[in-house]
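Single-structure report; data block below.
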Protein chains: 2
Amino acid sequence: MDPVRRPRGRPRKPVLLDTAGLGPRRGLHDQAAERLRALIVEGTLPAGAALVETELSAALGISRTPLREALKLLAVEGLVELRPNRSPRVAELQPEAVTELFEAIAAIERAAAELAASRITPAELERLRRLQTEMEAHHAAGDLAPYFALNQQIHALIVASARNACLREAHEALHARAEIARRRALDSRARWDESVAEHRAILAALEARDAARAGRLLADHVGHTGTALLAGLTRPDAA
Amino acid sequence: MDPVRRPRGRPRKPVLLDTAGLGPRRGLHDQAAERLRALIVEGTLPAGAALVETELSAALGISRTPLREALKLLAVEGLVELRPNRSPRVAELQPEAVTELFEAIAAIERAAAELAASRITPAELERLRRLQTEMEAHHAAGDLAPYFALNQQIHALIVASARNACLREAHEALHARAEIARRRALDSRARWDESVAEHRAILAALEARDAARAGRLLADHVGHTGTALLAGLTRPDAA
DNA sequence: TTTTCGTGCTCTGCATGCAATTCATGCCAA
DNA sequence: TTGGCATGAATTGCATGCAGAGCACGAAAA
């Protein structure tokens, strides 16, 4: 009928959130949630900022409907605070919340490590060893950013090795807020040497398939990380 | 100007989800999510059922927009499965998923009990004792429904006593699916005597402020419950 | 008979319109 | 000057319109 199929409804804007052909083309709300999550974590949208629907939807090149859906998802993750008939705000991260956050992450990772001790495959263990080696190299070289990226990959891999979707999803849901805390804390390399050593001990416990030890070591490690971040957040109260 | 303030736009339907003046008047999407959650848990919407937006929105007396928002929330909770360009379906609860679910709940409740051992207030402990007494009375009388209600209240109170919002929210998110498993399992009173005794031991550990013991006992208790439910779900495969 | 393509319908995904609520400004009275 | 209320603008919450994707049914070809 009409060989030229141009969208009649409206000339689509030069979208800001096009996935560049990477993913399996999810809905706009999903892309918007991912983009907003990144903007909040990296601080482009600062804590307390009002998220006006019309502004944001225009900035992202989408309409208010998928944006609203994305905001509700971020509210579940605790990144955004919804208030009835008011503009949503980027959630503030109170010090007590950081404590609670890392208590929860420690709980999940302890259980994950205990399960992983018996469920982790040799291939996964080998990958953990490689990540650990690489991370230590970055540690030795003093490269902070790749160190953190690998650190995070290690934790994620341990959780994945537990073969438990509920734990993995709960862990992912908490991850964004932990990342915010990590970025805001000054003096990020304070606990560096200690942390690398703890990672080595955790890896050894997993290799020995010692569930209790792996769980305890990982929970303590996360707890120490939380304490250190909290100190880096509260002591020098410069925003 | 106009003393009679009738809504001009559209005669509002005799809504099916009016909160009856109970809550603080939340949005329709929130009410819809709550209603749908109940319908799925109680089995009115059976596993695998297609959730057609137009049908559901008509049934609930709302439009598709808030319904879609509610469905996305339920998808995060794992109650609904969203598929691109297809009707969402009520999620099936596979046996492996039940195992994972109770592993995760055990992890969260263990951590909660450990924290609660030092944070629980005398008033909360007193309330726990009363709930335990009441639950034992229903146990002795053979009243299944109130027993389960109290059982659930006890677990929720222990988690609340941990004073950790992240853990509490993660626990709540998993609760609906656990309730589904509980309802579907036949022979729900199989482990009854054992379960009541375990609760007594958990309460004693909390009263003694013994974090490790409370955590271990509660995690084991949840694990046993999961195992029993799994057996009740898989053995007699009659739906 | 089986496979493949075409046709139409249904339903989702997104955009937009409209009313109610909220917040800010300014006026009036004390 | 200060407190209280009216008025208007800004913004959310919900409803609906519209295009496209997916599925079913059926016809035509192998």
Side-chain angles (χ1 to χ4, degrees), chain A residues 1-19 23-35 49-75 80-90, chain B residues 1-19 23-35 49-75 80-90:
Chain A
M1 320 223 157
D2 191 349
V4 180
R5 302 286 272 165
R6 7 174 224 95
R8 274 178 298 165
R10 120 180 329 276
R12 190 70 74 79
K13 280 195 174 187
V15 273
L16 292 180
L17 20 94
D18 198 292
T19 40
R25 209 49 118 299
R26 303 145 313 159
L28 287 185
H29 51 88
D30 213 352
Q31 299 177 45
E34 187 175 322
R35 184 103 182 82
L51 302 172
V52 179
E53 293 182 0
T54 51
E55 290 176 9
L56 259 188
S57 59
L60 296 175
I62 62 178
S63 80
R64 288 173 52 216
T65 305
L67 173 68
R68 283 173 57 82
E69 295 174 350
L71 287 174
K72 291 208 167 43
L73 295 185
L74 296 177
V80 158
E81 185 186 357
L82 295 179
R83 299 168 308 168
N85 289 316
R86 268 182 219 52
S87 291
R89 307 181 69 123
V90 178
Chain B
M1 314 227 159
D2 191 349
V4 180
R5 301 284 273 163
R6 13 175 216 94
R8 274 178 296 166
R10 119 182 331 276
R12 192 70 74 81
K13 279 195 175 187
V15 273
L16 292 180
L17 15 97
D18 197 291
T19 40
R25 205 58 110 298
R26 302 148 313 160
L28 287 185
H29 51 88
D30 212 354
Q31 299 177 44
E34 186 175 323
R35 183 104 183 82
L51 301 173
V52 180
E53 293 182 0
T54 51
E55 290 176 9
L56 261 187
S57 59
L60 295 175
I62 63 178
S63 81
R64 289 173 51 216
T65 305
L67 173 67
R68 283 172 57 81
E69 296 174 350
L71 287 174
K72 291 208 167 44
L73 295 186
L74 297 178
V80 158
E81 183 187 358
L82 295 179
R83 299 168 308 168
N85 289 316
R86 231 156 273 149
S87 290
R89 307 182 70 124
V90 177

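Letters go in sequence order (proteins before strands), and every chain restarts at 1.
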Within this structure, what is the [atom1]-to-[atom2] distance between [X] and [N], rounded to whole angstrom?
X	N	atom1	atom2	answer
Glu69(B)	dG13(D)	CD	P	8 Å
Leu28(A)	dA19(D)	CG	P	17 Å
Leu60(B)	dA15(D)	CG	P	11 Å
His29(A)	dA15(C)	NE2	P	11 Å
Asp30(A)	dT12(C)	CG	P	18 Å
Gln31(A)	dG13(C)	CD	C1'	12 Å

| Any donor-acceptor pair under 3.5 Å linking the side chain of Arg83(B) with the backbone of Ser87(B)? | yes
| query | With distance as the sole test, does Arg86(A) use its side chain to make a donor-acceptor pair with the main-chain N or O of Pro84(A) at under 3.5 Å? | reply | yes
| Between CD of Glu69(A) and CG of Leu71(B), what distance do you get to the nearest 0.5 Å? | 9.5 Å
| query | Out of curiosity, Arg68(A) CZ to Leu82(A) CG, how far, rounded to the nearest 0.5 Å? | reply | 9.0 Å
| message | For a quick test of reading the model: is some side-chain N or O of Thr65(B) closer than 4.0 Å to OP1 or OP2 of dC14(D)? | response | no
| request: State which residue, out of Leu56(B), Val52(B), Leu74(B), Val80(B), fulfils the side-chain contact (heavy atoms from CB on, under 4.5 Å) condition with Pro88(B). | output: Val80(B)
| field | Salt-bridge present (Arg89(B), Glu81(B); N to O < 4.0 Å) | value | no
Between the protein and nucleotides 10-12 of chain D, list every N/O to N/O distance that falls short of 3.5 Å.
{"residue": "dT12(D)", "atom": "OP1", "partner": "Glu53(A)", "partner atom": "N", "Å": "3.1"}
{"residue": "dT12(D)", "atom": "OP1", "partner": "Ser87(A)", "partner atom": "OG", "Å": "3.0"}
{"residue": "dT12(D)", "atom": "OP2", "partner": "Glu53(A)", "partner atom": "N", "Å": "3.4"}

